[in-house]
Amino acid sequence: MSDILNVALPKGRLGDKVYALFERAGYGCPELLEPGRKLIFESAENGVRYFFVKPSDVAIYVERGAADVGVAGKDILLEYTPQVYELLDFGIGKCKMCVCGRPDFRDDPARTLRVATKFTKIARDYYAGLGRQIDMIHLNGSIELAPILGLSDVIVDIVETGATLRENGLAVLSQVCDISARLIANRVSSKFKYEAVTQLTRRLSQVTEVK
Amino acid sequence: MSDARFSSALDGIFTKLREIYTSRGYTRYRVGRFEEYDLYAKNRSFITGSSILTFTDTDGRLMALKPDVTLSVIKNTAPSRGLRKVYYCESVYRAADPSSGFSEIQQAGLECIGSLTLFDVCEVIELAAGSLAALSERYMLDLSHLGLLDGFLEDNGVPAHIRPELLRLAEEKNSHEAMALAEKNGVPLYVMDAFNTMIHLRAPLEEAVRRLSSLPLGERAAEALSELARVAVALRGVEGIYLDLSLRCDGRYYNGIVMRGYIPDVPSPVLSGGRYDGLTKRLHRDAGAMGFAVYLNLLDRLVPEPDGTDTDILILHNGSDPEGLLRAVRALTAEGKRVRTDTAAPEGFRFGKLLHYEGGELRE
């Protein structure tokens with residue numbers, strides 16, 4: 001096991017923001033900013049190796065030890081419940097997991113509620129907590145269409161600004177949980193690279209808004 | 001890696017483990033592949049998150065391919081004088097999660113059942129450390145005591161309805177959400193500061209015990225810490241034993257000291273176990289128990305590739321002189337070479353040297 005820390009970052013805007021935090025914390029990697037098609041970027045000087053993966057895959061890379069640490073959205077952690085440590089809330093990439101539907105929708109407890117979502121575990125757990133029986137409809141995208149076309153009564157989805165909902169005549173009906181980017185770590189790497197992971201967490205917490 | 005090489009490597013590992021276990025008087029326990037499903041149905045959550053493979057026997061009984069060994073050992077342990085000390089190396093069958101299919105998992109381990117003394121607890125921990133040392137020089141064995149965090153939260157007046165969630169967050173070392181939950185429920189800051197110290201503390205056992213003793217633990221947690229302190233003294237000199245209170249196990253079965261073992265390059269625990277008096281009580285046995293399992297199936301990454309070839313020598317021939325070719329092959333295998341013969345080089349086959357058999361001779 002090499003001493004360098006393997007870091008899985010999510011591709012896209014969130015990954016760029018998070019990398020900026022790593023850089024401020026002293027884990028910069030100049031190679032990463034150079035244009036090109038490289039997939040792995042290493043700074044031996046700072047003891048880190050970065051790679052960018054699909055946001056929903058970060059937790060898998062970390063859980064299976066291909067990455068020692070990574071940054072994943074709370075939505076992914078709640079949905080897939082990977083066996084990882086959750087060490088820090090970065091307080092960025094903030095949004096909410098919400099139940100949404102037509103603004104005039106009234107839930108009739110006598111009927112099974114039809115719920116369309118990409119996040120079936122989160123939705124199931126939420127309604128189980130309320131003791132509400134639901135008919136789960138798993139969709140992979142364009143979730144907002146479901147209540148508009150009568151496929152479902154409500155949807156459970158991530159809401160950032162609410163603009164897409166408003167443009168489609170939908171509204172937030174209730175909030176399930178807050179979502180933001182989290183620092184996660186492989187449970188075994190955290191032991192064999194204890195000093196490195198602990199120091200990384202401490203330095204990142206110093207440059208992060210939420211501690 | 002070929003199954004044969006993995007299997008042979010596993011045999012080697014099990015031989016080492018067997019020597020360790022028999023050196024302390026543990027005897028081999030063999031179980032059949034099947035068990036009545038009822039045993040697992042009543043204790044389903046003991047086999048964490050696993051599906052069970054069932055079938056109907058010829059007499060109509062619902063049977064299961066064993067997903068676990070511990071339950072069978074306890075079920076078949078009659079009350080007797082002294083302790084029952086057994087080790088095993090068996091296959092179990094389960095699907096780790098609904099998305100993966102069923103698989104055969106090889107497990108080795110041991111169980112110590114009866115009126116356990118602190119010596120027995122220490123010996124099981126020492127044997128667990130010895131098992132890990134047989135797998136890797138750089139092993140780590142984490143211990144925890146279920147009474148410590150539970151007792152600390154209870155004795156410090158943390159509301160009962162948030163304790164299970166705090167314990168779940170402890171397992172993730174998730175201080176930020178634990179703090180938010182505690183604040184919402186009026187838990188004093190000094191309690192949460194101590195809680196966070198406890199869930200992030202990871203240090204060699206004796207040092208960890210010393211550091212914990214300065215915290216406002218409460219009576220139950222202090223009692224648990226005192227047990228750990230005695231274990232730490234008894235195991236002084238055994239390398240690689242740490243305390244990590246984020247380690248949790250199902251409290252319906254486990255009580256007291258629990259443990260997980262790790263080796264480098266395997267991303268999940270290769271050893272798991274602990275004190276499980278709760279399970280023996282559920283199975284109506286008036287006895288204490290402690291044991292652990294080593295997950296041999298996780299070790300395939302540790303078996304090195306030999307030299308990247310499937311054989312040392314590939315001999316190509318036209319099949320016209322079987323007697324002479326056999327003589328040539330026997331001579332080479334007698335020298336310890338691995339030899340494969342064929343009429344054409346097999347696709348994707350890796351060999352060290354290519355020879356041609358023609359006119360009763362081998363030529364390059």
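Computed over heavy atoms, backbone and side chain alike; hydrogens, waters and symmetry mates excluded.
- Annotation: residues 187-207 of chain B contacts chain A through B/His200, B/Arg202 [non-hydrogen atoms, separation under 4.5 Å].
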(message) The test is side chain to side chain contact (heavy atoms under 4.5 Å, CB included); show your working for B/Lys173 and A/Arg187 and say whether it passes.
(response) CA-CA 10 Å; B/Lys173 294 187 185 276; A/Arg187 291 188 178 181; over 6 Å; no
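- When all heavy atoms are compared, the tightest approach of B/Asn174 to A/Lys74 is ND2-NZ, 4.1 Å.
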Would you give me the side-chain donor-acceptor pairs under 3.5 Å for residues 52-59 of chain A, sequence neighbours excluded?
none

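- Contact annotation: the side chain of B/Glu177 approaches that of A/Glu86 to within less than 4.5 Å [non-hydrogen atoms, C-beta and beyond].
- Contact detail for B/Tyr262 and A/Val188: the closest heavy-atom pair is CD2-CG2, 3.5 Å.
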(request) Apply the test salt bridge (charged side-chain N to carboxylate O under 4.0 Å, His left out) to residues A/Arg182 and B/Glu172: give CA-CA distance (whole Å), side-chain angles for both, the deciding distance (0.1 Å), then the verdict. (result) CA-CA 12 Å; A/Arg182 311 292 167 99; B/Glu172 292 178 359; over 6 Å; no
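- A/Tyr85 touches chain B through backbone and side chain together, each having a heavy atom under 4.5 Å away.
- Heavy atoms of other residues, nucleotides or ligands lying less than 6.0 angstrom from CG of A/Leu149 number more than 12.
- The line from CG of A/Asp89 to CE of B/Met179 is 13.5 Å long, rounded to the nearest 0.5 Å.
- With a 6.0 Å radius and a threshold of 12 heavy atoms from other residues, nucleotides or ligands, B/Glu239 has its CD atom at or below the threshold.
- The environment of A/Gln133 atom CD is sparse: at most 12 non-hydrogen atoms of other residues, nucleotides or ligands sit within 6.0 angstrom.
- Applying the 6.0 Å contact sphere to CZ of A/Arg64 captures no more than 12 heavy atoms from other residues, nucleotides or ligands.
- Nearest approach of B/Arg138 to A/Phe192, heavy atoms of both residues: O-CE2, 2.8 Å.
- A/Lys191 places none of its side-chain heavy atoms less than 4.5 Å from the side chain of B/Arg260.
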